[in-house]
Amino acid sequence: MPEQAAASAQVQGRESFGSRLSAAMAAHGPLCVGIDPHPSLLSAWGLQDDVDGLRAFSLTVLDAVASLAAAVKPQVALYERHGSAGMAVLEEVLALARDESVLTIADAKRGDIGSTMAAYADAWLRDGSPLAADSVTLSPYLGFESLRPALDLAAETGRGVFVLALTSNPEGASVQHVGGADSVARRIAQAAGGENRRYPGELGSVGLVVGATVGSALADLGVDLAAMRGPILAPGLGAQGATPAHLRATFGDAYGQVLGTSSREILSAGPRRQALRDAAQRTLDGLRSE
Ligand SMILES: O=c1ccn([C@@H]2O[C@H](COP(=O)(O)O)[C@@H](O)[C@H]2O)c(=O)[nH]1
């Protein structure tokens with residue numbers, strides 16, 4: 001392996017998340033399937049809105065898409081609403097995904113003062129934690145630097161983070177667009193780019209969440225994703241109205257960094273495994289061909 005590639009794959013002796021995600025995207029394509037067990041979906045699948053329904057739903061989705069997607073993204077809130085038994089199901093989902101060798105993104109959107117952030121980092125990013133995922137989503141609105149414990153632990157354990165920059169919901173603009181050409185979103189992207197200097201290869205392990213729905217905002221707000229050098233988690237496909245064509249138009253030259261993510265559109269094809277797989281494959285084909 002050339003020297004620089006070796007350096008990118010190894011940070012403190014562990015293969016970095018960016019390197020593992022790059023390999024998964026090369027092998028499978030740029031699709032992440034969201035596991036969002038909404039009460040309405042449980043009902044549409046003929047399941048009860050309880051822990052047994054949650055478990056059956058989650059394991060069916062994982063079984064259907066694990067060999068097809070680069071990553072899966074369980075939505076933590078939808079496990080939390082079932083209390084400790086729901087979180088036990090999430091632990092099981094994360095462990096099974098590890099066994100199936102599909103990368104996990106825990107969509108937890110954590111963010112707090114540094115001392116509390118260290119506990120969140122322990123929960124999601126430390127080896128041996130029951131909730132350890134390959135990566136976790138983080139909210140930088142207590143200040144990017146407040147995320148330091150998670151940024152450092154992720155580097156130490158070969159895991160990754162996705163920091164909210166330009167979210168897919170229309171309300172996000174009231175905070176993230178502030179500052180215009182020197183916007184909040186731009187500063188978050190710059191800070192992520194600074195972190196990615198510790199990952200010398202192609203793709204860093206500090207990613208951003210940028211909605212597939214954001215349209216021209218990236219250019220208007222001066223966000224330079226190529227310079228950021230991290231992966232881009234792009235929710236908003238399907239149920240929120242964005243298509244693979246929107247994704248290509250929005251991200252342009254940075255499209256190679258983009259992991260498109262879709263939940264409800266794919267999940268509503270269930271409960272048959274083959275129907276779920278076909279729906280995921282259609283999205284993946286769109287992401288590959290656009
Ligand atoms: O900006 C954001 C950040 C996160 N999400 C999450 O992604 C999924 C989207 O679900 P769909 O059913 O495909 O709309 C969901 O878990 C959100 O919490 C987002 O949509 N936008």
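Only a predicted model underlies this, so the values are computations on that prediction, with no experimental measurement involved. Whatever order the structure lists ligands and atoms in, that order sets their numbers, starting from 1.
- Defined by atom type and a distance below 3.5 Å, a donor-acceptor pair is missing between the side-chain atoms of Gln48 and Asp52.
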Give the table of side-chain donor-acceptor pairs shorter than 3.5 Å for residues 209-236, with sequence neighbours excluded, one pair per line with atom names and distance.
unit_1, atom_1, unit_2, atom_2, d
Thr213, OG1, Ser168, O, 2.9
Ser216, OG, Asp220, OD2, 3.1
Asp224, OD1, Ala226, N, 3.3
Asp224, OD1, Ala227, N, 3.1
Arg229, NH1, Asn196, O, 3.0
Arg229, NH2, Tyr199, O, 2.6
Arg229, NH2, Gly201, O, 2.5

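- Across all their heavy atoms, Thr167 and Gln176 have their closest contact at N-OE1, 2.9 Å.
- No side-chain donor-acceptor contact under 3.5 Å links Arg110 and Thr137.
- Between the side chains of Tyr255 and Thr250, not a single donor N or O lies within less than 3.5 Å of an accepting N or O.
- Protein neighbours of ligand 1 below 4.0 Å, counting non-hydrogen atoms: Asp36, Lys73, Gln75, Asp107, Lys109, Thr167, Ser168, Val209, Pro235, Leu237, Ala239, Gln240, Ser262, Ser263, Arg264.
- A salt bridge does not link Arg159 to Asp134: none of the charged nitrogens lies less than 4.0 Å from a carboxylate oxygen.
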